[in-house]
Amino acid sequence: MFKQCKTCNKVFDDYLNMYESCPDCRKKEEELLREVKDYLWEHPGATEAKLEELFGTNHKQIIKWLREGRLEITPDSKIKLTCKRCGSMILKGMYCDDCASKINTDLKNAENSFKPESHITSMVIDKKHKAKMRFVSNDDEKK
Ligand SMILES: [Zn+2]
Ligand SMILES: [Zn+2]
């Protein structure tokens, strides 16, 4: 299906219907993410303001990467991320471990009770799985 890129407004073919940006913008984003990751690795106490100054990343962008699990912060980081369910501090993703396991159980229960609609829950699981794989492959590239 054809979509308009959220970043540059170019129309692109997103046949899997899973992206918001065109391949060019996604590539740029990957490069930016790698730079930010490297910087945070060396400067764990960096603030969002510092990142914005150096890389032009805004709060929304940083949070998006963290929520997607593509970026991870350290416990002493100045950047704060909270669990969407209980509000406790987390280092990446949407939820803390406790909530994540509770939600997983809920998902499984939901899957069992609404079998025909289970494509919705399996899509969520699929996305999570993909995000994790991308994270692993990013690390591999560093070697
Ligand atoms: Zn674009
Ligand atoms: Zn939580």
Side-chain angles (χ1 to χ4, degrees), residues 1-112 114 117-143:
M1 78 181 264
F2 286 94
K3 269 189 190 172
Q4 199 173 24
C5 171
K6 279 205 171 168
T7 316
C8 71
N9 293 328
K10 202 165 76 185
V11 174
F12 66 104
D13 186 7
D14 185 7
Y15 62 97
L16 291 173
N17 190 19
M18 58 185 290
Y19 299 113
E20 292 183 342
S21 309
C22 71
D24 287 348
C25 290
R26 288 206 307 275
K27 201 174 159 222
K28 267 184 221 154
E29 195 193 324
E30 276 306 322
E31 281 162 14
L32 185 64
L33 171 63
R34 195 165 311 166
E35 283 175 37
V36 170
K37 257 188 183 171
D38 285 349
Y39 184 82
L40 275 180
W41 180 254
E42 280 162 38
H43 309 87
T47 58
E48 280 185 44
K50 188 73 192 168
L51 293 178
E52 183 163 2
E53 184 193 319
L54 289 168
F55 304 105
T57 49
N58 57 24
H59 174 74
K60 229 178 105 190
Q61 177 77 79
I62 299 289
I63 296 300
K64 182 175 163 266
W65 284 337
L66 289 169
R67 290 286 186 215
E68 290 172 351
R70 294 159 79 189
L71 187 65
E72 194 174 340
I73 45 179
T74 49
D76 56 349
S77 170
K78 300 273 193 306
I79 301 165
K80 298 294 174 218
L81 187 72
T82 51
C83 169
K84 276 190 157 184
R85 194 165 177 269
C86 73
S88 66
M89 287 295 172
I90 54 173
L91 303 179
K92 66 168 179 175
M94 302 274 190
Y95 307 104
C96 66
D97 289 345
D98 278 358
C99 292
S101 64
K102 271 184 198 128
I103 288 163
N104 257 328
T105 319
D106 288 352
L107 271 183
K108 263 181 208 141
N109 292 340
E111 218 167 51
N112 289 338
F114 311 106
E117 245 97 281
S118 66
H119 64 276
I120 298 166
T121 46
S122 59
M123 249 176 77
V124 173
I125 292 161
D126 208 51
K127 241 187 179 171
K128 249 192 201 164
H129 188 64
K130 281 213 180 88
K132 230 179 233 166
M133 282 183 43
R134 199 157 20 179
F135 197 65
V136 171
S137 66
N138 275 352
D139 279 347
D140 282 344
E141 281 167 31
K142 265 191 184 167
K143 278 174 207 160

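Just so you know, these numbers come straight off a predicted model, no measurement behind them. Start at 1 with the first residue, then count along the sequence. For the numbers below, each heavy atom of this structure counts, side chains included, while hydrogens, waters and symmetry mates do not.
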Suppose the criterion is salt bridge (charged side-chain N to carboxylate O under 4.0 Å, His left out): which pairs have a residue in residues 41-52, not counting sequence neighbours?
Lys50-Glu53
Sequence-distant partners of His59, ring pair (Phe, Tyr, Trp, His ring centres under 6.0 Å), two or more places apart
none
Contacts of type ring pair (Phe, Tyr, Trp, His ring centres under 6.0 Å), residue Tyr39, not counting sequence neighbours:
His43, Phe55
Side chain to side chain contact (heavy atoms under 4.5 Å, CB included) involving [X] - partner list, sequence neighbours excluded:
X     : result
Asp98 : Cys96
Asn9  : Gln4
Tyr15 : Asp13
Ser77 : Ile73, Thr74, Ile79

For Ser101, side chain to side chain donor-acceptor pair (under 3.5 Å) partners two or more places apart:
none
I'd like to know if Glu68 pairs up with Lys64 as an ion pair, taking the criterion as any Lys NZ or Arg NE/NH1/NH2 lying under 4.0 Å from an Asp or Glu carboxylate oxygen.
yes
Who pairs with [X] by salt bridge (charged side-chain N to carboxylate O under 4.0 Å, His left out), at least two apart in sequence or on another chain?
X     : result
Lys6  : Glu20
Asp24 : Lys10
Lys78 : none
Lys80 : none

Might you point out which heavy atoms bring Cys25 and Ser21 nearest each other, and give the distance in Å?
CB-CB, 3.9 Å
Check step by step if side chain to side chain contact (heavy atoms under 4.5 Å, CB included) holds for Thr7 and Arg26.
CA-CA 9 Å; Thr7 316; Arg26 288 206 307 275; over 6 Å; no
Quick check on Asp97: does its CG atom have over 12 non-hydrogen neighbours (other residues, nucleotides or ligands) under 6.0 Å away?
no
To the nearest 0.5 angstrom, please state how far the CG atom of Leu66 sits from the CD atom of Gln61.
10.5 Å
Quick one: pull up CG in Asn109 and CG in Asn104 and give me the separation to the nearest 0.5 Å.
10.5 Å
Is any side-chain heavy atom of [Y] closer than 4.5 Å to one of [X]?
X     : Y     : value
Asp38 : Arg34 : yes
Trp65 : Glu29 : yes
Arg70 : Glu30 : yes
Ile63 : Leu81 : yes
Val11 : Lys3  : no

Between Ile90 and Arg67, is the side chain to side chain contact (heavy atoms under 4.5 Å, CB included) condition met? List the steps.
CA-CA 10 Å; Ile90 54 173; Arg67 290 286 186 215; 3.9 Å; yes
